[in-house]
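Just below is one structure, and these are the notes that go with it.
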Amino acid sequence: MAFEKILTRYTNIPNYTGTIDEYIAHGGYQALPKALRELQPADLIETVKRSGLRGRGGAGFPCGVKWGFIPKDSPKAKYLVCNCDESEPGTFKDRMLIEEEPHQLIEGLIISSYAIGCRLAFIYCRGEFVYGAQVLERALREAYGRGFLGRNILGSGFDLDVHVHRGAGAYICGEETGLLESLEGKRGQPRMKPPFPAISGLYRSPTVVNNVETLSNIPHIVLRGAEWFASIGPPKSAGPRLFSVSGHVERPGNYELPMSITLRELIFDHAGGIPNGRRLKAVIPGGSSAPVLTEQHLDVPMDFESLAAAGSMGGSGGVIVMNDTVCMVRVGEIVSRFYHHESCGQCTQCREGTAWLHKVLRRIEHGQGRKEDLDVLLDMCDNMKGKTICVLSDAAAMPIESYLKHFREEFEIHIRGRACPFEGKGAF
Amino acid sequence: MISDETKKRLDELVKRYPEKRSALIPILHDVQAEVGYLSPEAIAWVAAYLTLSPADVMSVASFYDMLHLEPVGKHMIYVCHNLTCSLLGAERLIRHLENRLGIRMGETTPDGLISLKRMECLASCGTAPAIQIDGVFYERVTPQTLDELLEKLRNGRLQGSRT
Ligand SMILES: Cc1cc2nc3c(=O)[nH]c(=O)nc-3n(C[C@H](O)[C@H](O)[C@H](O)COP(=O)(O)O)c2cc1C
Ligand code: SF4
């Protein structure tokens, strides 16, 4: 059955540029007047709860529930911050959403701000999104020009300003409290929680942080109803999801699908399968922080619960496909190098753990592994989980554990043979 | 050191935020674009502008990969070396660049024209391998397209973005 695309409805139309006129001509900015005129903020929060929308940034937290945590009686200003840091390796869908359909996000952002009582919102873009930030700036000017932003929006009495804020290259600024620190002009070091941002976030005020894709769904939920949205995909993973598929596939790219889709359908039907007659060896289903899966998991559906039951996670929706020429020790070396580089260094377990994971994996890959190294790795991973200020430490440990679980023999061959068996003939 | 035009832009920028320190990173981007890198004088200027201490500004600047506390080339080439780009040839591109320019990643050509830097995932995995030159993405890059890009860069025919 063909799936009706929602977030990418128009972006595939030839010559569609996502300007405000085109967005409106195709039905954009109809949810905004409906929300402002027909719905109270509390109704909106209720609608989003009923829709079952879960965060698309990584954790899958129910969006309406998060909004509901914002205290209604607080005299403090309330903030909405859109997380467009998109730095999870394998993920490239937020970049597409801001570059190709910026007004869908902006419309979602305005409605969401109204729902939580926010008068000043920010879109935090990773520093490398120079072009994406320019597109958003232009789109915001267009929206101001039509009276969708600024004072007394559409005569409703609701005021809102939105600004784009660019970071400067640091994965940890995707973690929501690291992001808030960075937005306050500091090092992007995550904060202790509690208090959660809903109570004490930006400038110590109640704050919601939502991912680009999460907010882009909001206009559709308002326009077509919570029940319609909830009917898409599995009950606990409602709505469309953008899967970023990359690596060894014929047609890499972003695929908008319901989360009932299986890994097999995603990789083989949509992304065209593995090129050059190669076989699938491994697939990371939700960004590099997600534990790896193998051929035996191909029939797992891509919803949050099923992926967790298979020992991995939905994460950011970044699906990295690897063929049978790929050395999993080298994958471990690259992935651990990343977390080592990106650890903010506040917590000993993470700062030291990521450094040692990388060091040990590197020596195994380069033929200097020791017999005890695999136990050393597992022991370190164990020490890195559940003990730190943020979950980067867990995100560094879990993938490595999974490579050892599914490909232990490959690691042993490296150590016994004192060399990488793929050297000179594999990918990389 | 900072032009009146830039200063005026920064004065406007600061007004966006309830607390002016929030403008620090955007200001560092802008000052870096103007000065070339975040020299001690540039850091001191920003610190004075926001009434922060230079050490505080330095500590923030040192946290971010795109802010440079040492002199860098006129043009900056970022090469993604994360997983998908590596699967599709990033290390080949890196070797090619190093050979062509006679420098290693992290270094600048002696004429001060080009710096090379390894970067983590640039959110271009669907079009890997990817690089950025002066803030602009180039995707599905091959050694051949790299040569063409370097040629254009040398002839001043590659449009960058003020980052
Ligand atoms: C290390 C780390 C990096 C993260 N990076 C991102 C990111 O780039 N984009 C994002 O939306 N969420 C990221 N998150 C998740 C955020 O902390 C947060 O859960 C999310 O922005 C909430 O939005 P959502 O509920 O709409 O998903 C990251 C989390 C961690 C621990
Ligand atoms: S877990 Fe790592 S990244 Fe997170 S706060 Fe601690 S040191 Fe920083």
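These numbers come from the heavy atoms of this one structure, side chains and all, not from hydrogens, waters or symmetry mates. The sequence lines fix the lettering, A, B, ..., with proteins before strands; numbering per chain opens at 1.
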Quiz item: cation-pi between R126(A) and F129(A), 6.0 Å / 45°: yes
Less than 4.5 Å to any heavy atom of chain B: does that hold for the side chain of [X], its backbone, both, or neither?
X	value
S182(A)	both
F122(A)	side chain
V321(A)	backbone
S288(A)	neither
V164(A)	backbone
R330(A)	side chain
Y79(A)	side chain
S244(A)	neither
L202(A)	neither

Any side-chain donor paired with an acceptor under 3.5 Å for [X] and [Y]?
X	Y	result
T11(A)	T8(A)	no
H163(A)	E137(A)	no
S289(A)	E88(A)	yes
R140(B)	T145(B)	no
N276(A)	H248(A)	no

If you count heavy-atom pairs within less than 4.5 Å of chain A, which of [options] leads?
options	answer
T127(B), L88(B), L24(B), L122(B)	L122(B)
G89(B), C125(B), A61(B)	C125(B)
P26(B), S86(B), C80(B), A90(B)	S86(B)
S124(B), C85(B), S62(B), S59(B)	S59(B)

Which word best sums up how the rings of H165(A) and Y124(A) line up, parallel for under 30°, tilted for 30 to 60°, or perpendicular for over 60°? parallel
Would a distance-only check, ignoring hydrogens and angles, find a side-chain to backbone donor-acceptor pair under 3.5 Å from R166(A) to G127(A)? yes
Assert top hit (heavy-atom pairs under 4.5 Å, partner chain B, pool G188(A), S87(A), G90(A), A170(A)) equals G188(A)
If you tally heavy-atom pairs under 4.5 Å against chain B, which of I172(A), T91(A), L183(A), T325(A) wins? L183(A)
Taking the six-membered ring for Trp and the full ring for Phe, Tyr or His, determine whether the centres of F338(A) and Y171(A) are under 6.0 Å apart. yes
Toward chain A, the part of Q132(B) with a non-hydrogen atom under 4.5 Å: side chain
side-chain hydrogen bond (donor to acceptor under 3.5 Å, both in side chains), paired with N211(A), selected from E86(A), K93(A), R56(A): K93(A)
